[in-house]
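Here's the structure, in structure tokens; my notes come after.
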There are 2 protein chains.
Amino acid sequence: MITYAQTISPSEETNAERIVAVLRDEIVRLVLKPGDPVSESEMAVRFGVSRQPVREALIRLAEAGLVSVQARKATRVVRISEKSVLNAKFIREALEVEIMRRAAGLAQPHWRDVLEPLLEQQAVAVLAKDLRTFHALDDAFHRKIAELCEVEFVWDLIDAQKAQLDRVRYMTLDAAIDINLIEHREIAQAIYDRDAGAAETALRNHVGKITSHLALGRQRLPDYFAPK
Amino acid sequence: MITYAQTISPSEETNAERIVAVLRDEIVRLVLKPGDPVSESEMAVRFGVSRQPVREALIRLAEAGLVSVQARKATRVVRISEKSVLNAKFIREALEVEIMRRAAGLAQPHWRDVLEPLLEQQAVAVLAKDLRTFHALDDAFHRKIAELCEVEFVWDLIDAQKAQLDRVRYMTLDAAIDINLIEHREIAQAIYDRDAGAAETALRNHVGKITSHLALGRQRLPDYFAPK
DNA sequence: GCCCCTAAACTGGTATGGAAGATTGTCGAA
DNA sequence: TTCGACAATCTTCCATACCAGTTTAGGGGC
């Protein structure tokens, strides 16, 4: 399902769509902090529009699980909960394991020419300690694998789930990205070798790292988390 | 006697939410047909409210991929496309295979007492050729497995995906449900045996059947499908 | 008949005001 | 001080009006 969450004609972006994009980005990057209220009227002033398009943007964000609308009370950025993060991890892992199996089955020699440059760029980002670039390249690597085996649509869904995970990732930006790169190389190698089992194992190990980020994030910024 | 007023629900349903529920149901059950226009003002009259809550309901349905909003042109029930159905199948399969592996690993003897009654009820429905009841029990069986291994949340996501598949299912209600039941028994047995491989195989076979429904549905009601 | 143009009648997008509920702060009484 | 009543002020939800495109219906010219 569809892959287009925004089913409005591509010709001209509406105000509501623009606002969705901006707020989504700010929520994931923790500019808007978990628990923060997001008032319709306040955002209306900020974006220079009436409350209506803001309201519709917030409805969309609520559907995506990024804000919580409490009728006649308040709209807030949802707090991170251990459960929702682990749920998102389960779903991402399930979907991407399937992608790995498929990739290992379909791998072509020329895939190496596509994936290796991404890994090279990641290596540069690691040396430069450029965390934001690395994370963007991280996503690009995973998405490219899906694209190569023609299931890119799955990543549209993973993206939606990943909003939960990404907030945790932004809380621990200093994470050991060099290890991340090593894991990416393992995944790539398993695919080149058409070894589905190895690809699955490498991926599960890779995705599983989020749990340690979770613990670290909770320790650093407990206010961003929902009470247990 | 003290009676606890049921009317004090934790969150009183808003008009928009009520409308979402009604329209979603009508779309999945093909009461609103793929391609049908869903006019805001028309629905406003029907539900006895203004355009606003209808509009917000349609935004939610658009996010779920059930309607398509074309700015200043029309809002329509999205046609079924082969691609979107197969995409939904891929996602459901990936998620539920992971559930099967988990179920096979965690299976307890008492699970039999939970699942077998469902299968018995399904057998009754098969004999009575009661297709709607069978499909409801079908969903209940799959969801119960997820619940038993504590990942019921995954089924909330599968449900969203399944809206696409269910419309096809409603087009072919006379499908061979007796075979469906046999497949359910295979899945259950594999779980009782804690045989993850067998459970996975059985499930993939089971879910794969949608492709034949797809061909049959397209043959019967070509207007409901998007042009290739 | 056929075509083109235009105006009326749609469509969804936005602005604004008000209703209903929840929160907050103030004031007064014990 | 502590607590409760109450009003001011928040919030989201809904109704109404208007705006801007799009489609369609109906003439008029050929």
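Basis for what follows: all heavy atoms, side chains included, without hydrogens, waters or symmetry-related copies.
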Among residues at least two apart in sequence or on other chains, which ones pass side-chain contact (heavy atoms from CB on, under 4.5 Å) with B/R76?
B/P37, B/Q70, B/A74
Using a 4.0 Å heavy-atom cut-off, does B/V54 contact any base of the nucleic acid, only the sugar-phosphate backbone, or nothing at all?
nothing
Tell me the interatomic distance from A/Q70, atom CD, to D/dT11, atom P, rounded to whole angstroms.
13 Å
Only pairs at least two apart or in different chains count here, so list each ring pair (Phe, Tyr, Trp, His ring centres under 6.0 Å) that has a residue in residues 69-89 of chain A.
none
Side chain to side chain donor-acceptor pair (under 3.5 Å) partners of A/Q122, counting only residues at least two apart
A/H184
Who passes side chain to side chain donor-acceptor pair (under 3.5 Å) against A/K73, sequence neighbours left out?
none
Whole-Å distance between D/dT11 P and A/R55 CZ?
14 Å
Nearest whole angstrom, please: distance from the P of D/dT9 to the CD of A/E42.
18 Å
Taking salt bridge (charged side-chain N to carboxylate O under 4.0 Å, His left out) as the definition, give me every residue that meets it alongside A/R218, ordered by chain and number, with sequence neighbours left out.
A/E82
Please give, in whole Å, the distance from C/dG13 P to A/R18 CZ?
15 Å
Between A/T14 and C/dG13, does any side-chain N or O lie under 4.0 Å from OP1 or OP2?
no
Which whole-number value in Å describes the distance from A/E56 CD to C/dG13 C1'?
7 Å
Reading nucleotides 15-24 of chain C 5' to 3', which nucleotides get B (base under 4.0 Å from a protein heavy atom), which S (sugar-phosphate only), which -?
BBBB-BBSS-
Measure from CD on B/E40 to P on C/dT14 and round the result to the nearest Å.
11 Å
For A/E17 and C/dG12, what is the distance between atoms CD and P respectively, to the nearest whole Å?
15 Å
Measure CZ/A/F47 against C1'/C/dG13 and give the value in whole Å, please.
17 Å
State whether a side-chain donor-acceptor pair under 3.5 Å links B/D139 with B/H135.
no
